[in-house]
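Below you'll find the structure, written out as structure tokens, and then a few comments.
All ligand and atom numbering here is 1-based and tracks the order in the structure.
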Amino acid sequence: MFDTVLIANRGEIALRIQRGCRRLGLRCVQAFSEADRDAPYVRLADASVCIGPAPSAGSYLDKDALLLAARAAGAQAIHPGYGFLSENADFAQMIEEEGPVFLGPPASAIRTMGDKISAKRAMIAAGVPCVPGYEGGLEADETSLAIARRVGFPVIVKAAGGGGGRGMRIVRDESELIGAIAMTREEAGRAFGNPTVYLERFLEKPRHIEIQIVADAHGDCLWLGERDCSMQRRHQKILEEAPAPSVPRALIVRVGRRCVAACKAMGYRGVGTFEFLHEDGELFFIEMNTRLQVEHTVSEMVTGLDLVELQLRVALGEPLPLGQDDVRRDGHAIECRINAEDPVTFMPSAGRIGFWHAPGGPGIRVDSHVTSGYVVPTHYDSMIAKVIAHGATRTEAIARMQGALAELVVEGIKTNIPLHRNLLADPDFAAGGASIHFLERRRKVDRA
Ligand code: MV4
């Protein structure tokens with residue numbers, strides 16, 4: 001079916017995908033922009049091809065350039081990684097029509113999940129619990145006010161074409177609803193080319209819990225446990241862990257099975273993630289991510305599975321090599337995202353890394369493309385490494401992570417390592433189960 005994969009992404013995930021390809025004896029062709037020409041991982045691939053200039057619009061987001069590169073390099077499959085074109089239904093459809101294999105779900109599934117209203121409807125049909133709300137388009141009028149009253153204030157108005165924290169507005173008072181709908185519609189029309197907005201009950205202090213799934217092309221699908229991604233700032237996750245502290249196993253099992261049902265109903269294939277808010281002992285679906293995620297690593301550490309290998313195998317048409325009863329959950333894993341940024345102002349800190357030393361030892365994994373002398377380009381995401389610690393217990397995973405971060409050296413640029421060290425030493429973090437507001441509220445206390 002395919003023996004060569006074009007990697008249409010950069011940085012640590014490009015290297016991670018190369019490793020998955022090598023595991024299966026697949027050739028990998030690394031696409032790179034002019035800013036990434038000298039990156040060490042480009043040389044580690046079997047072949048490489050320049051796809052355009054540094055700005056992503058002309059390279060990692062250029063659909064035609066990537067398809068041309070795949071054809072020129074003899075790649076019959078394209079892996080989009082995360083970000084960039086990974087959840088672009090038009091790109092997936094172009095690839096489906098042109099012949100190569102898109103290493104993601106069918107374009108139809110990306111499209112359904114890309115529209116947050118159709119996503120929620122699909123979930124309700126499959127019995128996945130959703131945040132109570134109204135799964136239809138709203139106008140800035142009295143009808144919407146009646147709908148919001150029925151749902152109950154406070155509510156949150158969300159753009160159907162948004163997601164990941166873009167295009168939403170909290171409404172606490174009835175008097176503000178119609179104006180909020182008008183403004184969100186206006187912004188959504190400009191940002192996503194779709195002014196449709198919907199509405200949900202606003203949850204005040206939830207945790208962000210997500211469930212990983214993988215599906216093959218033969219109608220089989222597995223849920224691979226949950227992750228807690230509540231440690232975030234401005235919708236950027238900083239630290240993730242698996243399993244989620246003090247979320248009842250029975251709840252995950254029940255909802256995990258419904259996620260599998262939803263995947264089967266839509267003919268899903270590949271890896272995917274169901275995002276939930278967790279409050280008052282319940283899980284409420286908000287969105288689905290139809291890609292391999294940054295934090296897939298913590299699920300790998302506790303299940304012992306290689307998610308990129310599975311992703312490639314199911315795309316090759318192989319049946320899933322294990323059953324639901326074979327999915328393990330051993331110990332606890334934590335991932336710290338190491339970003340090239342100022343730990344206080346969060347401004348990006350690009351430039352040359354002088355000395356780089358990656359930690360190691362029992363239970364430590366580092367996924368990173370950087371080396372001593374590597375130049376962090378200004379054009380892309382600031383994440384330069386992921387440090388993952390695994391232990392028999394959460395306490396052990398934290399202790400191992402602290403050891404790893406004590407050993408990690410990144411000279412020449414600013415990083416958020418001090419923030420991680422500080423967080424790992426915080427007794428409130430150690431207690432586990434903090435809400436999505438924890439990091440931002442804690443910073444305010446620090447500054448006071
Ligand atoms: C919510 C919510 C509270 N109630 N929906 C933000 C990102 C997008 N995926 C959905 N988001 C939220 N939706 C209801 N009904 C709070 C958030 C939210 C959030 C969710 C997950 C992780 C971080 C967040 C930070 C702020 C708000």
Flag, side chain of His420 to backbone of Arg337, donor-acceptor distance under 3.5 Å:
yes
Criterion ring pair (Phe, Tyr, Trp, His ring centres under 6.0 Å) on His296 and Tyr82, from CA distance to verdict:
CA-CA 11 Å; His296 74 277; Tyr82 51 66; 8.0 Å; no
I need the atoms of ligand 1 closer than 4.0 Å to a non-hydrogen atom of Val131, numbered in the order shown.
15 (N)
Counting N and O atoms only, with roles assigned by atom type, does the side chain of His79 sit under 3.5 Å from a partner on the main chain of Gly81, one being a donor and the other an acceptor?
yes
Contact with ligand 1 for Met168, non-hydrogen, under 4.0 angstrom:
yes
What protein heavy atom sits nearest atom 13 (N) of ligand 1, and how far off is it?
Lys158 NZ, 3.0 Å
Given Ile436, Ile209, Leu203, identify the one with the heavy atom nearest to atom 3 (C) of ligand 1.
Leu203
Heavy-atom contacts with His235 under 4.0 Å: which atoms of ligand 1 show up? List them by number with element.
6 (C), 7 (C), 24 (C), 25 (C), 26 (C), 27 (C)
Distance filter under 4.0 Å to Glu200 heavy atoms, resulting ligand 1 atoms:
5 (N), 14 (C), 15 (N)
Tell me yes or no: between the side chains of Arg185 and Asn194, is some donor less than 3.5 Å from an acceptor?
no
Answer side chain, backbone, both or neither: which part of His437 comes under 4.0 Å from ligand 1, heavy atoms only.
neither
Considering heavy atoms of the protein only, find what lies nearest to atom 23 (C) of ligand 1 and give residue, atom and distance to 0.1 Å.
Gln232 CD, 3.5 Å
Is the closest side-chain donor-acceptor distance between Tyr60 and Asp36 under 3.5 Å?
yes
Glu275 heavy atoms, cut-off 4.0 Å: which ligand 1 atoms fall inside?
9 (N)
Which atoms of ligand 1 are found less than 4.0 Å from any heavy atom of Arg201?
4 (N), 14 (C), 15 (N)
Taking Arg227 as the fixed residue, which of Gln293, Glu240, His208 is the one that meets the side chain to side chain donor-acceptor pair (under 3.5 Å) rule?
Gln293
What residue and atom, counting heavy atoms only, is the protein's closest point to atom 2 (C) of ligand 1, and at what distance?
Leu277 CD1, 3.6 Å
Could you tell me whether a side-chain N or O of Glu87 sits under 3.5 Å from a main-chain N or O of Gly114, the two making a donor and an acceptor?
no
Looking at Asn339, is its backbone amide N or carbonyl O close enough to the side chain of Asn416 to form a donor-acceptor pair, meaning the two atoms are under 3.5 Å apart?
yes
Would you kindly specify which portion of Ile156 sits under 4.0 Å from ligand 1, judged on non-hydrogen atoms: side chain, backbone, both or neither?
side chain
Nearest heavy-atom contact between Arg394 and Phe429 is NH2-O, 3.0 Å
Which residue supplies the protein heavy atom nearest to atom 21 (C) of ligand 1, what is that atom called, and how far is it?
His208 ND1, 3.7 Å
Give the single entry among Cys229, Gly165, Ser435 that approaches atom 7 (C) of ligand 1 most closely by any heavy atom.
Gly165
For atom 8 (C) of ligand 1, what is the closest protein heavy atom, and at what distance to 0.1 Å?
Glu287 OE2, 3.3 Å
Proximal ligand 1 atoms for Ile286, defined as those under 4.0 Å from one of its heavy atoms
9 (N), 10 (C)
Do Ser299 and Gln212 meet the criterion of a side-chain donor-acceptor pair at a distance under 3.5 Å?
no
